[in-house]
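This structure is a prediction, so every number in the text was calculated from the model and none was measured.
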Amino acid sequence: MSKKEKGNRKNIDTVSAGMLPVNRHSDAEPENKNSAAGKRRSKRIADNLKLRTKMIILSITCVLIPVIVTNVLFWTMMYNAEQERVDYQMKDVRSVTEYQLDSLEQSIATMTATFYTNTDVYSFLDGIYADNLEFYEAYLEYIKSISVVYGNNTYISNYVIYADNDSLINGGHVGRISDVRDTEWYQEYKESGKESVVCSYYDRSRKTRTISVIRKLDFVKSGNKKRERFLKLDLSYGYYSRILSQQLATDIYICSADRILFSNTDPSNGARPFAELSSVDLGKAIQSFDYNMFGSRWNVYMYQSEESSELTVNSLIRSRWALLAAMILVNLLIPAAAIFVINRSITSRVKLLTKHLNMVKDERFETIDIYPGRDELGALIRDYNHMTDRIRVLIEDVYKESVMRQENELQKQRAELRALHSQINPHFMFNSLESIRMRSLIKKEYETADIIELLARLMRKSTDWGDDMVTIENEASFAETYLRLQKYRFGDRLSYRINIAPDCANLMVPKLSIVTFVENACVHGVEGVRHDCIIILSAEKDDKYLRIYIEDTGAGMSEARCREILQEMRGASFDDLNTSKSVGIINACLRLKKCFGDDLSFDLDSEEGAGLCITISIPVGRINCEEGK
């Protein structure tokens with residue numbers, strides 16, 4: 001490069017170098033102003049966002065994104081690790097189970113072979129014994145040859161050799177076939193037609209499951225007279241179940257046909273009958289295989305146990321701690337920043353609103369003097385301020401209106417009570433007069449002086465409403481008058497008994513309230529039957545309740561009808577008087593509730609064709625006594 005070109009290059013660099021500082025300085029002021037304005041705008045962005053928008057942002061940044069990333073990574077690892085572990089575990093469990101079944105089969109095969117090839121066994125079974133002593137001597141010789149084999153076999157709980165020989169004596173592992181022909185296992189053995197068969201059944205005499213291997217004994221021919229001989233080996237159900245229970249990580253079911261023979265999940269240890277195969281969901285089995293046990297096909301199903309799954313999760317966490325730490329960082333840092341901003345916007349105003357709401361509890365109505373914002377919390381603060389202003393204006397008017405409403409309600413209740421009084425009189429009188437008329441027509445008797453006298457008493461008491469409350473003693477006397485009138489109608493079919501405890505006689509109840517239930521017992525209880533009936537009115541008191549009982553031995557009612565009547569009594573209202581068929585009962589219940597409040601209770605006990613008992617329980621604290629007593 002020439003000196004002139006070097007000089008020109010130097011001038012260009014100098015000019016460029018001088019221009020750069022001027023450009024950076026000119027751009028700095030607008031950038032700072034924009035940054036400051038942006039900061040001022042961002043201060044209220046969170047407060048002006050709708051609460052729904054905030055929750056969406058919170059859910060996406062703090063829940064959705066971390067959960068998706070975390071779950072994809074974590075569950076991919078877990079699935080792969082679990083699959084590898086389950087496959088390895090199932091292969092190991094299958095090998096162990098097959099080994100145990102092989103050991104069981106080999107043990108049984110060894111023992112059956114010992115019996116099958118032992119000529120002393122055949123000689124013993126085919127012998128004809130004149131008496132018990134001869135049989136016993138032969139038995140001692142026979143037992144020496146097989147005692148060692150049975151004593152060393154832990155898979156066998158019992159064995160019996162059977163023969164079609166009536167001179168044999170049952171006992172000591174020896175039996176006659178004639179005594180077992182009707183058993184379930186023998187029938188299964190004969191129907192199979194095989195040399196060896198495995199039978200499973202529930203022994204009800206010993207209350208235990210039993211699995212037996214039956215082997216035909218025909219190694220030595222029985223001569224001209226063909227004898228049936230076989231060996232029956234009972235497996236040690238408890239021993240093999242305990243071996244299976246050692247497989248803690250896998251649930252194993254060994255099945256045959258439609259029943260479960262063994263399972264390490266069965267807590268009964270063989271005490272209950274065999275469970276049905278339908279109780280197991282075969283579709284969820286992780287692995288299964290078949291096993292040929294002396295000609296019988298056993299199906300083995302294996303499932304992963306819940307304990308194994310829990311252990312797997314813990315082991316995966318320990319082995320993948322580095323990845324777990326990275327997942328925690330992703331799930332905490334990003335959500336924490338978003339939560340902090342949004343939480344500050346919400347909690348500061350919520351705390352202030354909570355503070356003022358607590359002041360409302362103390363009847364201090366003060367407005368919140370802050371900028372509320374344009375989101376839902378801001379609208380709530382504005383509504384609160386409006387509410388407090390209105391409360392201060394309306395509180396005095398509402399209080400006065402409440403007092404007037406209570407007074408009107410009291411007047412309404414008094415009017416309703418008087419209406420009930422006027423309604424019950426004709427209803428009661430009509431029933432009484434009808435009873436007299438019916439009885440007079442039936443008997444064609446005109447000597448009604450006594451009945452008219454009783455009727456007069458009823459009319460005087462029912463029309464005299466000077467005192468709404470009467471003593472239980474007076475109410476019981478009125479009920480007795482009514483029952484005497486009804487006895488005129490029913491004759492010897494009706495009897496009654498009144499038992500009022502002395503400490504209950506002077507307690508006050510609404511007039512004609514108890515006699516209404518007595519009337520109901522006559523009309524609906526006695527009238528509907530032909531047999532003799534008795535009506536009992538009694539009253540007793542303890543420290544908490546006065547209990548009044550009205551019992552009859554009449555028609556009674558069904559359980560469904562009893563529940564329906566009891567529901568009407570407990571929920572009695574004025575509207576029911578226009579719709580219910582039990583007007584008298586509803587009327588009496590309403591008057592009792594008006595006097596004693598909701599603490600009063602009714603109970604019904606009835607049996608169809610046997611009678612009905614009505615119990616009225618009144619709190620002692622709500623009852624007054626007759627004045628002066």
Side-chain angles (χ1 to χ4, degrees), residues 94 96-117 121 146 149-150 153-163 173 175 177 180-219 228-244 252-264 266 268-278 280 282 288-302:
R94 174 170 179 169
V96 173
T97 304
E98 288 179 339
Y99 173 78
Q100 293 170 350
L101 291 174
D102 290 340
S103 300
L104 173 63
E105 184 181 30
Q106 182 63 35
S107 177
I108 296 172
T110 301
M111 188 168 182
T112 55
T114 302
F115 279 91
Y116 186 76
T117 58
V121 173
I146 52 90
V149 176
Y150 172 65
N153 200 318
T154 57
Y155 286 101
I156 306 301
S157 63
N158 188 33
Y159 78 92
V160 181
I161 54 174
Y162 290 92
H173 307 291
I177 294 179
V180 297
R181 292 189 188 277
D182 296 331
T183 59
E184 177 185 350
W185 57 266
Y186 180 79
Q187 296 293 332
E188 183 178 350
Y189 161 66
K190 294 298 291 182
E191 290 175 1
S192 67
K194 299 179 181 179
E195 299 290 328
S196 300
V197 66
V198 180
C199 301
S200 58
Y201 59 96
Y202 182 73
D203 192 338
R204 300 189 180 278
S205 61
R206 296 186 301 167
K207 295 183 178 180
T208 182
R209 300 173 188 172
T210 304
I211 299 176
S212 303
V213 177
I214 302 175
R215 171 68 185 272
K216 185 176 182 180
L217 299 178
D218 58 355
F219 181 75
E228 181 182 0
R229 299 166 299 202
F230 63 84
L231 169 68
K232 179 175 177 289
L233 300 178
D234 294 338
L235 306 187
S236 179
Y237 192 91
Y239 177 76
Y240 193 74
S241 296
R242 287 192 296 272
I243 292 178
L244 281 183
I252 302 174
Y253 296 88
I254 300 178
C255 312
S256 176
D258 59 346
R259 62 178 55 174
I260 300 175
L261 302 181
F262 298 99
S263 175
N264 59 349
D266 184 9
S268 67
N269 197 25
R272 293 196 295 264
F274 289 100
E276 297 295 329
L277 184 59
S278 58
V280 179
L282 301 180
S288 63
F289 63 93
D290 296 338
Y291 192 90
N292 189 351
M293 181 64 71
F294 292 98
S296 296
R297 190 179 70 173
W298 286 6
N299 310 110
V300 182
Y301 301 96
M302 294 182 292

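- Rounding to the nearest 0.5 angstrom, the gap separating the CD1 atom in Ile214 from the OG1 atom in Thr112 is 12.5 Å.
- Residues satisfying the salt bridge (Lys or Arg N to Asp or Glu O under 4.0 Å) test with Glu98, not counting sequence neighbours, are Arg94.
- Using a 4.5 Å heavy-atom threshold, the side chains of Leu101 and Val300 count as touching.
- By the salt bridge (Lys or Arg N to Asp or Glu O under 4.0 Å) test, Arg209 is found to be paired with Asp266, residues two or more places apart in sequence or in another chain being considered.
- Partners of Thr183 according to the side-chain contact (heavy atoms from CB on, under 4.5 Å) rule, which considers only residues two or more places apart in sequence or in another chain, are Val180, Trp185, Tyr186.
- The side-chain hydrogen bond (donor to acceptor under 3.5 Å, both in side chains) search around Glu188 returns none, not counting sequence neighbours.
- To the nearest 0.5 Å, the span separating OG on Ser256 from CZ on Arg297 amounts to 9.0 Å.
- Side-chain contact between Leu277 and Leu282 is present, with at least one heavy-atom pair separated by less than 4.5 Å.
- By the side-chain contact (heavy atoms from CB on, under 4.5 Å) test, Gln106 pairs with Thr110, sequence neighbours left out.
- One finds the CG atom of Leu235 at 5.5 Å from the CG atom of Leu104 (value rounded to the nearest 0.5 Å).
- We find the CZ-CD1 distance between Phe274 and Ile260 to be 10.5 Å, quoted to the nearest 0.5 Å.
- In this structure, Thr97 has no side-chain hydrogen bond (donor to acceptor under 3.5 Å, both in side chains) partners at least two apart in sequence or on a different chain.
- To the nearest 0.5 Å, atom NZ of residue Lys207 and atom CZ of residue Arg272 are 13.5 Å apart.
- Between Ile161 and His173, the closest side-chain pair of non-hydrogen atoms is not below 4.5 Å.
- Residues in residues 189-203 take part in these side chain to side chain donor-acceptor pair (under 3.5 Å) pairs, two or more places apart or across chains: Lys190-Glu228, Ser200-Arg259, Tyr201-Lys232, Asp203-Ser205, Asp203-Arg206.
- Tyr237 is linked by a ring pair (Phe, Tyr, Trp, His ring centres under 6.0 Å) to Phe262, counting only residues two or more places apart in sequence or in another chain.
- Arg215 forms a cation-pi arrangement with Tyr116, by the criterion of a distance under 6.0 Å to the ring centre and an angle within 45° of the ring axis.
- Contact of the Ile177 side chain with the Arg229 side chain is not registered, since no non-hydrogen atoms from C-beta on lie closer than 4.5 Å.
- Residue Asp234 holds its CG atom at 6.0 Å from OG1 of Thr210, rounded to the nearest 0.5 Å.
- For Asp290, the side-chain hydrogen bond (donor to acceptor under 3.5 Å, both in side chains) test picks out Asn299, with sequence neighbours left out.
- A 4.5 Å side-chain heavy-atom check between Trp298 and Val198 finds at least one atom pair inside the cut-off.
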> Between Met111 and Tyr155, is a side-chain contact (heavy atoms from CB on, under 4.5 Å) present by the stated rule, with each step listed?
Replying inline: CA-CA 10 Å; Met111 188 168 182; Tyr155 286 101; over 6 Å; no

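- Not counting sequence neighbours, Tyr301 has no partner by the ring pair (Phe, Tyr, Trp, His ring centres under 6.0 Å) test.
- Of all heavy-atom pairs spanning Ile252 and Met302, the tightest one is CG1-CG, 4.3 Å.
- Summarising the geometry of Ile108 relative to Leu233, their closest heavy-atom pair is CG2-CD1, 3.9 Å, with the distance given to 0.1 Å.
- Residues passing the side-chain hydrogen bond (donor to acceptor under 3.5 Å, both in side chains) test with Tyr253 are Thr265, sequence neighbours excluded.
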